[in-house]
Amino acid sequence: MTRCTGARITVLDENFIDILLPSSPRVRRYNMDQHFSSRYGELLAENGLCFLAETFTENGSTKILFDAGLTAPVVLHNARHLGVDLSEVDAVVLSHGHPDHFGGINGVLEAIGHPTPVLAHPDAFDPRMIVKPHTTLPMINIGLTREGIRAAGGHLMEARDPVPLGPGLLTSGEMKTSAEFEREAPAGRLCVHADGHVEADDINDHQVLGIDVEGHGLIVIDPCGHRGVVSSVDHMRSITGTDTLYGVLGGFHTGHPGISAHRIDNTAKALAAYEPKLVAPMHCSGFPLKKAVAELLPDAFEIVTAGTVLTVGDVPPGTRTWR
């Protein structure tokens, strides 16, 4: 696969905002200077994720929206304040069929304003439910429909295999959990298939995004860690042929109730073994894993919140300003 020469990742939706975090050479933050300025205004946060992933070569750029947040108003508000022109988005990728990742899709597609490829795993549309001792959530992905995406301007590409989206930019396709300690999963998740069969939901539709930057290595964006972040990294290293991991960010699903200290400890140690330059547990990763990564990889650990902009490699200067 052809590599890109630079990448920029902008976080349009995430669980947190922290206006006290400073910027650095690799991380630009929408912080106190913007939040308290009448010229800019405050960002919004919610329990969701949305990334704008841009890759650059000497011949141009590719812009992919990875997930669509929990709600469209938050994504659109933050995009406007961060100076992101959504009409320039080339395609949208949905990581899986959970509402904190697809919730804003129809509103975001309408804001993009032109026919837009939407890449998703076909199982993302199967009805899913969560059964708890005290309640049942009968269809958590009721807001994700093929008809709704098409009506909003999306053109569906349903794929189980990896799909190249541009130089250095690739979806994972369907993955397996390869790290034994990552097989631990919350109970009570069910999936209703098209043939009416009901079974435990293994979330086979979960996909990650890989960005391969010349001279730097592989960046893996894992939005929710349903296959395990270590398994996701190994999968992307295998299909790209790039062993060097520059960084990994996203929701690693280690903050869910019932996740053991054994899994958290082994996840942090396995990530450290890659010797990455950047590790940013976000969203559903939980405080214990953030603490473990910060202790093992103090130079690589990064707090990434809504409004964070990460750059790696050669990115054209002055291509975006705060609004």
Side-chain angles (χ1 to χ4, degrees), residues 14-15 49 51 66-67 93-98 100-101 121 123-124 128 130 160-162 170-191 199-211 217-240 242-276 278-297 300-302 304:
E14 210 269 339
N15 299 33
L49 272 186
F51 301 93
F66 191 29
D67 282 345
V93 177
L94 293 179
S95 64
H96 62 301
H98 283 177
D100 45 339
H101 298 267
H121 189 290
D123 291 357
R128 354 183 73 126
I130 297 177
R160 297 181 183 273
D161 297 323
L170 181 73
T171 65
S172 66
E174 197 170 303
M175 302 182 294
K176 300 292 185 182
T177 299
S178 56
E180 188 64 35
F181 62 86
E182 292 185 315
R183 299 186 187 280
E184 182 180 85
R189 304 183 307 201
L190 298 177
C191 184
E199 65 179 3
D201 188 1
D202 290 329
I203 317 181
N204 291 325
D205 53 314
H206 186 264
Q207 303 186 71
V208 307
L209 193 67
I211 305 174
L218 184 65
I219 304 168
V220 176
I221 306 178
D222 187 346
C224 215
H226 288 296
R227 280 289 165 267
V229 63
V230 175
S231 298
S232 294
V233 167
D234 285 343
H235 177 86
M236 294 309 294
R237 292 169 75 212
S238 175
I239 66 173
T240 61
T242 298
D243 289 332
T244 302
L245 179 70
Y246 176 86
V248 57
L249 67 154
F252 301 162
H253 218 257
T254 45
H256 198 284
I259 296 298
S260 68
H262 172 77
R263 175 173 173 178
I264 291 170
D265 182 58
N266 278 281
T267 298
K269 289 178 179 176
L271 292 174
Y274 296 120
E275 299 182 348
L278 169 75
V279 180
M282 305 165 60
H283 185 48
C284 56
S285 300
F287 175 76
L289 181 69
K290 292 181 180 180
K291 180 175 181 290
V293 171
E295 290 175 347
L296 284 176
L297 294 165
F301 175 71
E302 198 73 70
V304 172

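Owing to the predicted nature of the structure, the values given are computational and were not obtained by experimental measurement.
Listed here is the closest heavy atom pair of Leu49 and Pro223: CD1-O, 3.3 Å. Taking each heavy atom of Met236 and Ser172 in turn, the nearest pair found is SD-CB, 3.4 Å. Thr254 approaches Ser285 most closely through the heavy-atom pair OG1-O, 2.6 Å. Counting all heavy atoms, side chain and backbone alike, Gly97 lies closest to Asp205 at N-OD2, 2.8 Å. Minimum interatomic distance between Gly217 and Tyr246 (heavy atoms only, all atoms of both residues): C-CB, 4.1 Å. Nearest heavy atom pair, residue Ala280 against residue Val304, reads CB-CG2, 3.5 Å.
Remark: Arg183 pairs with Glu180 by the salt bridge (charged side-chain N to carboxylate O under 4.0 Å, His left out) rule, at least two apart or across chains. In this structure Arg237 satisfies the salt bridge (charged side-chain N to carboxylate O under 4.0 Å, His left out) test together with Asp234, sequence neighbours excluded. For His96, the ring-ring contact (aromatic ring centres under 6.0 Å, His included) partners are His98, His101, His206, His226, not counting sequence neighbours.
The OG atom of Ser231 sits 12.0 Å away from the NZ atom of Lys176 when rounded to the nearest 0.5 Å. Distance CD/Glu182 to CD1/Ile259: 10.0 Å, rounded to 0.5 Å. Atoms SG and CG, on Cys224 and Asp67 in that order, are 8.5 Å from each other to the nearest 0.5 Å. The distance from atom CG of Leu271 to atom CG of Leu245, rounded to the nearest 0.5 Å, is 8.0 Å. The CZ atom of Phe252 lies 9.0 Å from the OG1 atom of Thr267; values are rounded to the nearest 0.5 Å. Considering CD1 of Ile211 and OG1 of Thr240, their distance stands at 12.0 Å, rounded to 0.5 Å.
Inter-residue side-chain proximity for Phe301 and Glu295 is flagged as unmet; no heavy-atom pair is nearer than 4.5 Å. When side chains are defined from C-beta on, Leu209 does not count as touching Phe51, because their heavy atoms never get closer than 4.5 Å. Taking 4.5 Å as the limit, some side-chain heavy atom of Phe66 sits within range of a side-chain heavy atom of Val93.
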TODO: Take Met175 and Gln207 through the side-chain contact (heavy atoms from CB on, under 4.5 Å) test and state the conclusion after the steps.
DONE: CA-CA 7 Å; Met175 302 182 294; Gln207 303 186 71; 5.7 Å; no
Open item on the list: Does Val229 form a side-chain contact (heavy atoms from CB on, under 4.5 Å) with Val208? I'd like the steps, not just the answer.
Closed with: CA-CA 9 Å; Val229 63; Val208 307; over 6 Å; no
Task: side-chain contact (heavy atoms from CB on, under 4.5 Å) assessment of Ile203 paired with Arg128 - done: CA-CA 9 Å; Ile203 317 181; Arg128 354 183 73 126; 3.9 Å; yes
TODO: Given side-chain contact (heavy atoms from CB on, under 4.5 Å), test Val248 with Tyr274 step by step and report yes or no.
DONE: CA-CA 10 Å; Val248 57; Tyr274 296 120; over 6 Å; no
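Distance alone, capped at 3.5 Å, places no donor-acceptor pair between the Glu184 side chain and the Arg263 backbone. Side-chain atoms of Glu14 come within 3.5 Å of backbone N or O of His283 as a donor-acceptor pair.
Of the candidates Arg160, Arg227, His121, Arg227 is the only one forming a side-chain hydrogen bond (donor to acceptor under 3.5 Å, both in side chains) with Asn204.
Around the CD atom of Glu199, the shell of radius 6.0 Å holds more than 12 heavy atoms that belong to other residues, nucleotides or ligands.
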